[in-house]
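Following: one structure in structure tokens, then a few remarks.
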Amino acid sequence: MHPQQLYLRLKGRNKKGVLLMEQEALMIRIRNGEDEAFAQLVNPLIEKGYRTSFSILKSKEQAEEVVQNSMIEAYRNIMSGKEIVYFNTWFYKLVSHRSIDTWRKNVRLNESPIDVELVTDKHGVLESVLKDETENEIKDGISSLDNRDYRNILILYYYQEQAIQEISDLLGLKNSTVKSHLRRARNALKKRLTENRFIGVNSQ
Amino acid sequence: MKIDETMKKEIKEEMEKINAPSSLYEFAKNIKEESETRTDLKKLIGRKRSWKKSQFAVAMLVSLGVLIGSAFLNPAMAEVVSKIPYLGQIFQKSIPVVITEALEKEGYKPAGVGMGMWGQKALFDIQLKGTEEYVNQEEDKVLNILTEILEKRGYDNYELKISDEKEVSPVLKEIVKQREELGEKLMSDLQGAGYSIMNVDARSPVVEVYIPIADEAKKEELYKVAIELLKANNSPRQVQIITRDVAEDELESQWMPAMSAIQEKFFLKKDYQVADIRYSYKPEKVSIIIMTNMNSSDAEAKETVIKIRKEITEFLDSEEIKTKTENQKYELIVQDKNGDTFPF
């Protein structure tokens, strides 16, 4: 093949188009009984799906089970001939939904209002933002019941890039509640960044 | 907006610490069985890790677009490539062309040389003609040849992958063929109905119809007509009408070769600490944004930024490029880790 023939401009829309086509072909192959095609279709999505589920559930076993069940659900939907245009989005939403379902079940079973994990020392942005908020609320004497939704909102919005409307539907919250959680998270992060910068300057 | 990006980035980094168990990939492989024996979900043992390859292949497809663009220019001028080439040299002969020629010289038959960004690294996906067995047997030799070439250019931020020629599945070929025919038909039907249509892309599930931005007002009408035509054609599909600015498209294709040379150089060399390169093509001004991984306070930041600026400016201001870009005005922005423009 001459190098010129390699001139594939797979940018922007085309890149997406090619991916969609590939996925469609894979779905047809799955329906034709090629199981290998299913692995090709979902493998690139497993990591992000699992990460989302694990962050919501904080349990390896449960996250694994959710992703497994989502795969079965996806497989059955494909086999039944359901038309799925944007498979990635569809699959991630499925995983998010199933994770939230399981998470709700957990909450029902052990009705602890505040996640115990919040109090650990080692924390990344999710934990620290949450911790700041929780401390503030305790100080202000506000009920922290809402905090259970808080981290899920952050994960769904910033990691899964879901729309505010979708998140509020999924979690059964008002749009305004989702927005105000996001605003609080931004403020908490801003505060933390400013503090870090301040310490940084002093230590030099 | 910036705080949103920081949040996103931090959450993403945090997420990256979580690793999906390999059993999930095994599960996907055996999906039929798993689906049939659903009660037996929990205990899965004896995992192999053979999933990596296909995962890689699909992800590659997604990322390929970034660099591949113009990596293939006219290889007419032969020249000696010295250590760390100038942008002008890259422009004359991009690395995929160099690789292709070198392999051919050694008697190999390259079927494709892809270049894309894989995380923070450039990834070369080189496909050779021949059986899998042959390719496996030659892999080390090929890797040596390529490593030498890349080192000669001073590149140090890449990975190489050698594989045998990928076959496009007959199913996909058939879909593409039918879709392309459908697209052509729709385009001529619409043109016949008196619309100015730039392009119709019917390859993906949603049919994309491109029209000049001047016809924006006709969007809705055109949408309905296209839907009806597809229905009448016995192939009802979703349709999206997209307006394109002809002037921007033209600019983009004029600038593409130069931009590709810039990408090659700055992505393939670690020293520059370039995270991403973005462009916008407006008739008033073309913008090039170099996003780096540095902070203003980093010791080497100033020197690196000045180097980046100097190289790009000299290149874009050279007579050769100016003829190609027709002296179009441009701006060059170099940003730090947080998206702020460097003060130097």
Side-chain angles (χ1 to χ4, degrees), chain A residues 1 3-4 6-22 24-25 28-29 32-33 35-36 38-44 46-52 54-55 60-61 64-65 67-69 71-72 75-76 79 85 124-126 129 154-155 158-159 185-186 189-190 193, chain B residues 3-4 6-8 10-21 23-25 27-32 34-35 38 41-42 51 54-55 57-59 61-62 64-66 68-72 75 96-97 100 110-114 169 171-172 175-176 179 201 203-206 208 238 242:
Chain A
M1 193 191 279
Q4 295 291 356
L6 299 171
Y7 188 97
L8 292 169
R9 268 182 69 191
L10 296 176
K11 304 192 311 136
R13 56 180 200 263
N14 286 338
K15 203 167 64 186
K16 201 165 148 201
V18 171
L19 179 69
L20 289 180
M21 252 172 18
E22 286 278 0
E24 229 190 333
I28 293 172
R29 285 171 53 200
N32 289 344
D35 292 352
E36 176 62 20
F38 183 78
Q40 274 187 48
L41 180 67
V42 296
N43 278 356
I46 287 179
E47 191 92 81
K48 190 167 177 177
Y50 177 82
R51 284 169 176 169
T52 306
F54 179 80
S55 308
K60 283 184 188 168
E61 289 74 25
E64 187 168 354
E65 202 177 323
V67 177
Q68 286 179 346
N69 288 342
M71 281 197 253
I72 289 181
Y75 179 72
R76 289 182 180 171
M79 291 308 278
V85 177
V125 67
L126 278 176
V129 164
L154 294 186
I155 294 162
Y158 285 107
Y159 190 60
R186 279 186 209 111
L189 180 67
K190 233 184 262 174
L193 289 176
Chain B
I3 197 81
D4 261 337
T6 314
M7 182 86 88
K8 204 166 166 178
E10 293 213 14
I11 289 181
K12 196 168 157 248
E13 276 167 14
E14 214 169 299
M15 289 291 194
E16 273 160 12
K17 292 180 198 148
I18 303 168
N19 291 317
S23 55
L24 282 172
Y25 296 93
F27 189 90
K29 251 172 77 187
N30 302 322
I31 191 68
K32 195 170 166 198
E34 297 290 352
S35 173
R38 158 146 222 176
L41 282 179
K42 270 193 181 155
W51 49 271
S54 53
Q55 184 195 29
V58 181
L61 180 80
V62 181
L64 211 60
V66 186
I68 203 167
S70 56
F72 309 99
V97 175
T100 309
V113 178
S169 73
V171 180
L172 184 57
I175 296 181
V176 174
R179 298 263 171 94
D201 187 350
R203 289 172 308 171
S204 49
V206 179
E208 294 172 343
Q238 291 182 50
I242 300 164

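Just so you know, these numbers use all the heavy atoms, side chains as well, and skip hydrogens, waters and symmetry mates. Residue numbering restarts at 1 for every chain, and letters A, B, ... go by the order of the sequence lines.
In this structure, chain B has heavy atoms under 4.5 Å from both the backbone and the side chain of Arg51(A). Residue Gln238(B) touches chain A through its side chain alone, counting heavy-atom pairs closer than 4.5 Å.
If you take CG on Leu154(A) and CD on Glu10(B), they are separated by 12.0 Å, rounding to the nearest 0.5 Å. Note that CD of Glu47(A) is 4.5 Å distant from OH of Tyr25(B), once rounded to the nearest 0.5 Å. Here the NZ atom belonging to Lys29(B) is positioned 12.0 Å from the CD atom belonging to Gln40(A), to the nearest 0.5 angstrom. One finds the OG1 atom of Thr6(B) at 11.5 Å from the CZ atom of Arg186(A) (value rounded to the nearest 0.5 Å).
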Could you give me the CA-CA distance, side-chain angles and deciding distance for Ile31(B) and Ile72(A), then say whether side-chain contact (heavy atoms from CB on, under 4.5 Å) is met?
CA-CA 7 Å; Ile31(B) 191 68; Ile72(A) 289 181; 4.2 Å; yes

For side-chain contact (heavy atoms from CB on, under 4.5 Å), just list the numbers for Leu24(B) and Gln68(A), CA-CA rounded to whole Å, side-chain angles, deciding distance to a tenth of an Å, and then say yes or no.
CA-CA 7 Å; Leu24(B) 282 172; Gln68(A) 286 179 346; 3.6 Å; yes

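A donor and an acceptor atom, one from each side chain of Tyr158(A) and Asp4(B), are located under 3.5 Å apart.
Residues Ala20(B) and Tyr50(A) approach most closely at CA-CD2, 3.4 Å, considering heavy atoms. For the residue pair Phe38(A) and Ala28(B), the shortest heavy atom distance occurs at CD2-O, 3.4 Å.
Looking at heavy atoms from C-beta onward, Met15(B) lies in side-chain contact with Ser55(A) at the 4.5 angstrom threshold.
Side-chain N or O atoms of Arg76(A) include one that pairs as donor or acceptor with a backbone N or O of Ser35(B) at under 3.5 Å.
Highest contact tally toward chain B, considering only Met79(A), Lys60(A), Glu24(A), is held by Glu24(A) [criterion: heavy-atom pairs under 4.5 Å].
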